[in-house]
Amino acid sequence: MVLCCLWGLMPAGVSAQQFTLSTNVLDYADLGTLNISGAYGLHRNWSLDLAARINPFTYHEGDRERQLQNRQQAYAVGVRWWPWHLWSGWWMAGRLQYQEYNVGGILSSGAEEGDRVGAGLSAGYSLMVHPRLNLDFGLGFWSGWSRFVAYSCPTCGTVEKSGQRIFLLPDNVQVSLVYIF
């Protein structure tokens, strides 16, 4: 603890429950998106969050021509404000996020790939199940700039259009298991 304080990594007098690791179980239902999030308690009412999601999977329905994919890698950094107390009760969050994606065959027969960068807002509730285990419920959205290429199908490679655009998407839909260190 003394060495951490000397390095400026933790304020003096910080308790042991300043770090969390979590995973959003709803992301696994999104075609197996793997995810992890870590948080550090900056203050009684503020935490710094880092998150990563990755989905390298492609699923084939019957033949090789019909496939589903929501491949992505996404990284986010943000802060949460806890009106009551750190890791307990209601929270609101803001974050900056980058995503590289390739999605297709889910809602239409087409596919799209590209990069997105933007900012998001979310809110939720953290339910204390045990002194070291919480369930987080949350919902949010993010908006920003996207560079994309749209294809007529996930496997054919025929370009329909490409370009740049502003987007607004739901994000951070979560039911997360949170372990508090």
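All heavy atoms count here, side chains included; hydrogens, waters and symmetry mates do not.
Legend: residues meeting salt bridge (Lys or Arg N to Asp or Glu O under 4.0 Å) with Glu113, ordered by chain and number and at least two apart, are absent.
Using a 30° and 60° split on the angle between ring planes, Tyr179 and Phe181 fall in the perpendicular class, above 60°.
Remark: Glu112 does not engage Arg71 in a salt bridge, criterion side-chain N to carboxylate O under 4.0 Å. Using a cut-off of 4.0 Å between Lys/Arg side-chain N and Asp/Glu carboxylate O, Arg53 and Asp171 are scored as salt-bridged.
Within the 4.5 Å cutoff, side-chain heavy atoms of Trp81 are placed close to those of Trp46. Looking only at side-chain heavy atoms (C-beta outward), Leu21 and Phe19 stay at 4.5 Å or farther from each other. When side chains are defined from C-beta on, Ser122 counts as touching Arg95, because their heavy atoms get closer than 4.5 Å. Annotation: side chain of Met128 is in contact with side chain of Asn134 (closest heavy-atom distance under 4.5 Å).
A cation-pi contact, defined as under 6.0 Å to the ring centre and within 45° of the axis, links Arg116 to Phe167.
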Margin query: Is there a side chain to side chain contact (heavy atoms under 4.5 Å, CB included) between Thr23 and Leu34? Walk through the geometry before answering.
Written below: CA-CA 8 Å; Thr23 188; Leu34 308 170; over 6 Å; no
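Formation of a donor-acceptor pair under 3.5 Å by the Asn55 side chain with backbone atoms of Asp30 is found in this model.
Ring to ring, Trp82 and Trp87 are close: their centroids are under 6.0 angstrom apart.
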